[in-house]
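Data first, discussion second: the structure below is written as structure tokens.
Atoms within a ligand are numbered from 1 in the order they appear, just like the ligands themselves. The chain is numbered in sequence order, starting from 1. In this text, all values refer to a predicted model and were calculated from it rather than measured experimentally.
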Amino acid sequence: MKTLTVALPGREYDILIEAGLLEQTGAQCRRVLPRTVRTLVVTDSNVGPLYGERVTRSLEASGFSVYTVTIPAGEPSKCAAWLERIWDEAMTFGLTRTDAVIALGGGVVGDLAGFAAATILRGVPFVQIPTTLLAQVDSSVGGKVAIDLPAGKNLVGAFWQPKLVLMDTATLDTLSDRIFSDGMAEVIKYGCIWDREFFDLLARCGDRAGVMAHIEEVLCTCCAIKAKVVMEDERDTGLRMILNFGHTLGHAYEKAYHYETYTHGQAVSAGMVLAAELGERLGVTQPGTKAQIEQLTAAFGLPTAIPCTAEDYESAVGLDKKGSGDSITVILLRTLGECAPTKMEKKELLALL
Ligand code: GLY
């Protein structure tokens, strides 16, 4: 088993990575939740039938009582109505402040259950059991939890760190190729922003089977980078911005196609390629970088460009969380493995696009 620690003062937690780890859910949770009696497991209609029973059995064997809320799979469930339903179910179950919420599923489940945990009784302990590649390398680590509003994604949320993150690599076996490559975009991102050798490892892996042959190392590398960034900038006021490489443009694509045509990872993939191109045009990024990102993303079945209008870019740049006033910090690369956050006028960015 690989173990990483996110060493936030007073809120430190482990990320455990191993095939078959679901069987140890109860024992591992007991280690970090010695006083907990009740666990509210939040899962979805895809993941619950696959792993719900295994997780429940393991929790019960360690003395927890288990109450499960199953949400419909998909982004629309990350909403105020389901949050309220989880609050109500928690009260029905009699959850107390020493009891815990457990998220079993992908990013939607993790974000929603995490925000419920942050708000029930002003905050109860929370455990993440991410079952998609995207959730394992990104959303389950770092404490960002949120719901969507009709006005946009993740607009109401909190920073609420989990007590533990359990990654059973075997859960990746049941993902479709589309959802696996969705997560690969974020995996590739870590190579781009932080670790050239890791980028090269992914290129040598070449495809899904190649990545799965090195999966513990891949997850561990991504989570170690994310942990370092989060430990330095938990509240996203500085360094954490680099995790948004490819995301400003990616948001434009997701939004332009109403979050339906492209997955988050597909949009980020095209966003990373265009960010590399912009960097090369501005003389910030080493020439040839775009071609290498293009090659690697394409190898994993990800799009390298997505058509969109000037208005789509305008709306994404105008609303981007990283924007302040008329300027925006765009995450460019100096070279593979090294970022160059670049502040520019929004108008200048839009003209370049
Ligand atoms: N997913 C970006 C972050 O956690 O900051």
Check: Tyr262 ring centre within less than 6.0 Å of Tyr257 ring centre: yes
Asp99/Leu40 under side chain to side chain contact (heavy atoms under 4.5 Å, CB included): CA gap, chis, key distance, verdict: CA-CA 8 Å; Asp99 292 330; Leu40 180 73; over 6 Å; no
Proximal protein residues to ligand 1, non-hydrogen atoms under 4.0 angstrom: Asp138, Lys144, Lys226, Arg240, Leu243
Those residues that, when tested against Glu12, pass side chain to side chain donor-acceptor pair (under 3.5 Å) (two or more places apart): none
Under-4.0 Å salt bridge between Glu75 and Lys78: yes
Nearest heavy atoms of Tyr313 and Ala252, plus distance in Å: CD2-CB, 3.8 Å
Any donor-acceptor N/O pair, Glu280 side chain to Thr289 backbone, under 3.5 Å: yes
